[in-house]
Amino acid sequence: QVQLMESGGGSVQAGGSLRLSCLVSGLRIRNYIVGWFRQAPGKNREGVACIDGYNVTAIADSVKGRFTISQDSAKNALYLQMNSLKPEDTAMYYCAVDKASGAVAAPWYLKYDNNYWGQGTQVTVSS
């Protein structure tokens with residue numbers, strides 16, 4: 001059974017930083033694309049960033065230069081470092097693992113939904 005557990009969300013003022021973590025069990029993430037998605041109230045879910053076992057990444061334009069995705073294969077965990085946060089970054093953030101193995105991280109994954117999902121962690125940025 002694949003399980004994903006996010007942590008690290010919280011409330012921060014604009015310009016601040018947060019680091020999200022996601023621990024994965026039930027598969028080895030180095031064989032899959034893994035990523036972060038977010039959903040704000042009243043909006044569609046949006047892909048934020050993804051990474052594969054070769055550390056190839058794809059980052060959404062809305063967060064490029066501010067957010068960094070990384071992974072630790074030994075810990076089977078992925079991370080999202082979020083800097084220079086803006087109020088429009090406020091959302092529930094979900095980690096995800098592609099249900100199909102072996103693909104290469106690329107922008108198409110940021111619109112992909114055939115994933116295993118975590119339960120989400122809330123990020124709130126105040127102005």
Worksheet item: Which other residues belong to the hydrophobic cluster containing Phe37, where Ile, Leu, Val, Met, Phe, Trp and Tyr are joined when side-chain heavy atoms lie under 4.5 Å apart, directly or via other members?
Response: Ile33, Met92, Tyr94, Trp108, Tyr109, Tyr112, Trp117
Worksheet item: Cluster partners of Leu110, using ILVMFWY side-chain heavy atoms under 4.5 angstrom, listed by chain and number?
Response: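 Result for Leu110 is none, singleton.
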Practice prompt. Not counting sequence neighbours, which residues clear side chain to side chain contact (heavy atoms under 4.5 Å, CB included) with Pro107? List them please.
Written response: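 Ala58.
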Practice prompt. Check side chain to side chain contact (heavy atoms under 4.5 Å, CB included) between Thr90 and all other residues, then give those that pass, not counting sequence neighbours.
Written response: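 So Thr90 forms a side chain to side chain contact (heavy atoms under 4.5 Å, CB included) with Gln122, Thr124, Val125.
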Worksheet item: Closest approach of Ala49 and Ile59, non-hydrogen atoms and distance?
Response: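 Of all heavy-atom pairs spanning Ala49 and Ile59, the closest is CB-CD1, 3.5 Å.
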Worksheet item: Can you name the nearest heavy-atom pair linking Ser126 to Pro87, along with the distance?
Response: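 For Ser126 versus Pro87, the nearest heavy atoms are C-CG, 4.5 Å.
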Co-membership, hydrophobic cluster, residues [X] and [Y], 4.5 Å side-chain:
X     : Y      : result
Tyr79 : Tyr116 : no
Ile51 : Val104 : no
Tyr93 : Val12  : yes

Hey, could you give me the [atom1]/[atom2] distance between [X] and [Y], rounded to the nearest 0.5 Å?
X     : Y      : atom1 : atom2 : result
Leu23 : Leu4   : CG    : CG    : 9.5 Å
Leu18 : Gln81  : CG    : CD    : 8.5 Å
Lys99 : Asn115 : NZ    : CG    : 8.0 Å

Worksheet item: Taking only residues two or more places apart in sequence, or in another chain, which ones meet Glu46 in a side-chain hydrogen bond (donor to acceptor under 3.5 Å, both in side chains)?
Response: Arg38, Ser62
With [X], which residues qualify under salt bridge (Lys or Arg N to Asp or Glu O under 4.0 Å), at least two apart?
X     : result
Arg45 : none
Asp98 : none
Glu88 : none
Lys64 : Asp61

Only distances under 3.5 Å count here; give the side-chain donor-acceptor pairs of residues 71-78 to other protein atoms, sequence neighbours excluded, each with its distance to 0.1 Å.
from: Gln71; atom 1: NE2; to: Asp52; atom 2: O; distance (Å): 2.5
from: Gln71; atom 1: NE2; to: Asn55; atom 2: OD1; distance (Å): 3.4
from: Asp72; atom 1: OD1; to: Ala74; atom 2: N; distance (Å): 3.0
from: Asp72; atom 1: OD1; to: Lys75; atom 2: N; distance (Å): 3.1
from: Asn76; atom 1: OD1; to: Ile29; atom 2: N; distance (Å): 3.0
from: Asn76; atom 1: ND2; to: Val24; atom 2: O; distance (Å): 2.8
from: Asn76; atom 1: ND2; to: Leu27; atom 2: O; distance (Å): 2.7

Practice prompt. Return the set of residues passing disulfide bond (SG atoms under 2.5 Å apart) with Cys50 (not counting sequence neighbours), or none when no residue passes.
Written response: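 None.
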Worksheet entry | Pairs flagged by side chain to side chain donor-acceptor pair (under 3.5 Å) wherever residues 9-25 is involved - sequence neighbours left out | Ser17-Asn83
Worksheet entry | Side-chain heavy-atom pair Met82, Leu20 within 4.5 angstrom cut-off |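 They are in side-chain contact.
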Item to complete: Give a yes or no on whether Arg66 atom CZ has more than 12 heavy-atom contacts from other residues, nucleotides or ligands under 6.0 Å away.
Response: yes
Worksheet item: Donor-acceptor pair, Glu6 side chain versus Gln119 backbone, under 3.5 Å?
Response: yes
